[in-house]
Amino acid sequence: QDQLVESGGGSVQAGGSLRLSCAASSRTTYSRVYMAWFRQAPGKEREGIAAIYTSGGSTDYADSVKGRFTISQGNTKNMVYLQMNSLKPEDTAMYFCAAGYTGYYSTLQARAYSVWGQGTQVTVSS
């Protein structure tokens, strides 16, 4: 099974940018037909913000990040990125990479994924 490791989080001022990376440890690709980014702020539910169909490149975004965040993949299916621009304080959260899409739910629903990384913290100050 894939193991996912996120990196690239940190602290930034409002209006700034960060790029998150997600590295998959296994060479098997069956679990990575879709990969996604989620985030969870303290006291809030995990929110799906971006997903990518790794075999075709099509993407889905939550309204809260559309036009500011971009999900992309590397040359292989082992890397997925999240470019975050025009960051706002409300973007502050732990960000998680997900894989193992089951196909039964929307690509931005947490229950759709069975493989998760440990998360990377993003903090945006005003």
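Keep in mind that the numbers below use all heavy atoms, side chains included, and drop hydrogens, waters and symmetry copies. Predicted model only: the values in this text are computed from it and were never measured.
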Thr92/Val122 under side-chain contact (heavy atoms from CB on, under 4.5 Å): CA gap, chis, key distance, verdict: CA-CA 5 Å; Thr92 295; Val122 172; 5.9 Å; no
Evaluation steps, side-chain contact (heavy atoms from CB on, under 4.5 Å), between Ile71 and Val80: CA-CA 7 Å; Ile71 188 172; Val80 171; 3.8 Å; yes
Gln121 and Tyr95: CA distance, side-chain angles, deciding distance, side-chain contact (heavy atoms from CB on, under 4.5 Å) verdict: CA-CA 6 Å; Gln121 178 68 38; Tyr95 283 70; over 6 Å; no
Trace of the side-chain hydrogen bond (donor to acceptor under 3.5 Å, both in side chains) decision for Glu6 with Ser21: CA-CA 6 Å; Glu6 303 94 336; Ser21 298; over 6 Å; no
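Here the shortest heavy-atom pairing between Gly9 and Leu20 reads N-CD2, 3.5 Å. Minimum heavy-atom separation, Arg68 to Asp91: NH1-OD2, 2.8 Å. In plain terms, the two heavy atoms of Pro89 and Ala14 that are nearest each other are CD-CB, 4.1 Å. Considering all non-hydrogen atoms of both residues, Leu87 and Leu18 come closest at CD1-N, 3.8 Å. When all heavy atoms are compared, the tightest approach of Thr107 to Asp60 is OG1-OD2, 2.6 Å. The minimum heavy-atom distance linking Gly48 with Ala62 is given by the pair O-CB, 3.4 Å.
Heavy atoms of other residues, nucleotides or ligands lying less than 6.0 angstrom from CD of Gln3 number 12 at most.
Side chains of Val5 and Gln118 form a contact here, defined as non-hydrogen atoms less than 4.5 Å apart. The closest side-chain heavy-atom distance from Ser64 to Glu47 is below 4.5 Å. Contact annotation: the side chain of Trp37 never approaches that of Ile52 to less than 4.5 Å [non-hydrogen atoms, C-beta and beyond].
For the pair Arg39 and Phe96, the cation does not sit on the ring face, since its NZ or CZ is not both under 6.0 Å from the ring centre and inside 45° of the axis. Annotation: cation-pi geometry satisfied between Arg111 and Tyr105 (NZ/CZ under 6.0 angstrom from ring centroid, within 45° of ring axis).
Checked by atom type, the side-chain pair Gln83/Ser72 shows no donor-acceptor distance below 3.5 Å.
In this structure, the side chain of Gln73 engages the main chain of Thr54 through a donor-acceptor pair within 3.5 Å. Formation of a donor-acceptor pair under 3.5 Å by the Arg46 side chain with backbone atoms of Gln40 is not found in this model.
Using a cut-off of 4.0 Å between Lys/Arg side-chain N and Asp/Glu carboxylate O, Lys66 and Asp63 are scored as salt-bridged.
Here ring pair (Phe, Tyr, Trp, His ring centres under 6.0 Å) pairs that include residues 48-91, with residues two or more places apart or in two chains, are Tyr34-Tyr53.
Ring pair Phe38/Tyr113 is perpendicular by interplanar angle, where above 60° counts as perpendicular and below 30° as parallel.
Rounding to the nearest 0.5 Å places CG of Asn85 at 6.5 Å from OG1 of Thr70. Going from atom OG of Ser25 over to atom CG of Leu4 covers 7.0 Å, rounded to the nearest 0.5 Å. Note that CE of Met94 and OG1 of Thr120 are 7.5 Å apart. Values are rounded to the nearest 0.5 Å.
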